[in-house]
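Reviewing the structure listed below.
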Number of protein chains: 2
Amino acid sequence: MTTIYDVSELAGVSLATVSRVMNKNANVSDKTRQKVVNAMEQLGYRPSAIAKGLASNRSSSVGVLISELHGPFYGSMMSAVEAELRKFDIHAIIAAGHSNAEKEAESIEFLLTRRCDALILWVESVPDRYLVELAKRDTPIVVLGRKIAKITKNCVSLNNEEGGYLAARYLLEQGHRKIAYISGPLWKGDTQDRLSGHKRALAEYGVKFNTKLHCEGDYREEGGFRGMTELLGLRNTFSAVVCGNDEMAAGAMTSARDAGLSIPEDLSVVGFDNLVYARYLYPKLSTINYPVREMAQMAARWVLKHVYKNQRLVATNIFEPELVARDSVQQFRR
Amino acid sequence: MTTIYDVSELAGVSLATVSRVMNKNANVSDKTRQKVVNAMEQLGYRPSAIAKGLASNRSSSVGVLISELHGPFYGSMMSAVEAELRKFDIHAIIAAGHSNAEKEAESIEFLLTRRCDALILWVESVPDRYLVELAKRDTPIVVLGRKIAKITKNCVSLNNEEGGYLAARYLLEQGHRKIAYISGPLWKGDTQDRLSGHKRALAEYGVKFNTKLHCEGDYREEGGFRGMTELLGLRNTFSAVVCGNDEMAAGAMTSARDAGLSIPEDLSVVGFDNLVYARYLYPKLSTINYPVREMAQMAARWVLKHVYKNQRLVATNIFEPELVARDSVQQFRR
DNA sequence: TTGAAAGCGATACCAC
DNA sequence: GTGGTATCGCTTTCAA
């Protein structure tokens, strides 16, 4: 690898001058600049981001922590963050937390070690106080998908409670009264919030939450499949099911169909997230829109503004979910 | 941020010694080691990967280039690579190429700039010769999903031709003769290979490839949707369709259903990739298995072995596809 | 077993 | 405008 020294030598100028032309900075005469540019070209010079980082104390990278690298939800998130940062030549260093406190903390350590200029974190397991402490250290953080009282300005989150409410209310409005619920893991904050929204809607309609109709899933297709299988096995009767997310809805629908039910004739289904593929499921899935891309973009902009001093607009911290009615829900007919 | 100097001072030892304990390296007395460890603990010391990289000329990171950060296919790839590397404390720096030659080259430059120890590349647009040249430079590369004659040892790829063949043959075996084809973008290598496999199967059965039944898609749900809509609009008759990948199959099925067709009664469908969600589509999608995870893992192992000198087993460069028969294909009945 | 000191490849401040 | 040089936080000989 050729270095700045090689370039300066070939161009017959000093190190400082080469540095200047790289940073399109100060005043360099056109003639000099040209000499330098030629030398760089000729040598196939690529500046070392590592050396630059050490010298400038800025790595031009932000750490992004998400639960999994695969999966449509995190994929959209990652993609949106990367796209926004890339516009300003900032790179995302991505790590997986696997919804596990230890791994999340380990990944955060890792990103810190990498000297990221800021961290964008989707963390589910690490406790609030950990994040509050982290926020006090020298690397700025923004927490995605979670609202923490003591550091609300660093949070970008969704009103999950309202989302849970909307899903249930929609079903209630259509006349459903026996509504099953396949939730995410109960230890997760968003699961809890959606569940309480769900209960609020039921209460509004004077319907009691039936724990026999509740099943804990894992936010993945398989969990939805198993949850529905279980629900069906118990010979419970219900005309509709709300799933903690779209992936589980897909699994649940498959299970229901395996059991001979037609959707939405025999069973109405509503999901949560509004993944791209929700509209390609059959029947097209009614769901709650989760504006991940916008939220991820907002997180990136927060960093751009506060860390890199780009005057990006950062408007909201807290986003609102919306009902997306498609074909998987039918009016209840007795 | 506290530095190695702070630690050495507090522990009352030299820089070198601190460095030694960090690298669990040489001979350090237990007593000294303990002093250092305590000092680190007390200061909350996190070594700078940047400084380390500069000094050691190793960044402990490998660059991973994929087309998109979202999408189930690339997601699995990324995830598998990261998981394998992480076991050895190597980090993946991920960049998107967006199936565009310029952006791919730019991303490669970027990764090189970042001084990655190796590059794992899923590139679709950049020409072969570019990669051949790149392979001559000082950063080792492994090319995923593409086979390049001059650097085959650096390639991990799938036998796409065979995959295309298997999909078509399956349909032919079931008695289908009028088979539509929604391919990926024709400029892509894998599209071409799958298509020629398709034609080979047709030829074997004495069926002529009908260009009116061929439609070019984009490997995404939307392209499949549009392709099917177009195919249907032309009032062509066909009893089956093979799609370039599962995502397009999902879109195509939605479109067919919108047009009132039942699957597989009126139309059989086969995909390609065998994404996780293929079995949660309705009807469960028959498809060709693309062992992405294994391939990605193999790429990671190649790097582990050749770059980091871990004696990982690296077996195959070229993987074989397999038919996965599920419910979306039906025997042809006239 | 431990320490001193020379880099690694940039940046940035200070002179000229 | 341009050059000299200290510095960033580590690794890595080489001596002691």
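A note on names: the letters A, B, ... follow the listed sequences, proteins ahead of strands, and every chain is numbered from 1.
Regarding R58(A), its CZ atom lies at a distance of 14 Å from the P atom of dG9(D), rounded to whole Å. Atom C1' of nucleotide dG3(C) and atom CD of E9(B) are separated by 15 Å, given to the nearest angstrom.
Residue S29(B) places at least one side-chain N or O closer than 4.0 Å to OP1 or OP2 of dT2(C). Checking the phosphate oxygens (OP1, OP2) of dT11(D), a side-chain nitrogen or oxygen of N23(B) falls inside 4.0 Å. In this model, the phosphate group of dG3(C) is approached by a side-chain N or O of S14(B) to a distance below 4.0 Å at OP1 or OP2. Contact annotation: T32(A) side-chain N/O to dG1(D) OP1/OP2 distance is not under 4.0 Å. At dG3(C), one or more side-chain N or O atoms of T17(B) fall inside 4.0 Å of OP1 or OP2 (strictly under the cut-off).
Among the protein residues, V13(A) comes within range of the sugar-phosphate backbone only, with heavy atoms under 4.0 Å from sugar or phosphate atoms but none that close to a base. Within 4.0 Å of M22(A), counting heavy atoms only, lie sugar-phosphate atoms of the nucleic acid but no base atom.
Between E124(A) and R146(A), no side-chain nitrogen of the basic residue sits less than 4.0 Å from a carboxylate oxygen of the acidic one, so the salt-bridge criterion is not met. Taking the charged nitrogens against the carboxylate oxygens, K136(A) and E133(A) do have a contact shorter than 4.0 Å, which makes a salt bridge.
Distances from the side chain of A51(A) to the nucleotides dT12(D), dG9(C), dC10(D) place dG9(C) closest. Of the candidates dC10(D), dC8(D), dG3(C), the closest approach to any side-chain atom of A55(A) belongs to dC8(D). Counting only heavy atoms from C-beta on, K52(B) has its side chain closest to dT11(D) among dT11(D), dA10(C), dG4(D).
No hydrogens or angles were tested; on distance alone, a donor-acceptor pair under 3.5 Å links the side chain of R20(A) to the base of dG3(D). On a pure distance criterion of 3.5 Å, no polar donor-acceptor pair joins the side chain of R46(A) and the base of dG9(C).
Take the nearest nucleotide of DNA chain D for Y5(B) and for L15(A): the residue whose nucleotide is more 5' is L15(A).
Counting only heavy atoms from C-beta outward, the side chains of V13(A) and T32(A) approach each other to under 4.5 Å.
For the pair R86(B) and F110(A), the cation-pi criterion (under 6.0 Å, within 45° of the ring axis) is fulfilled.
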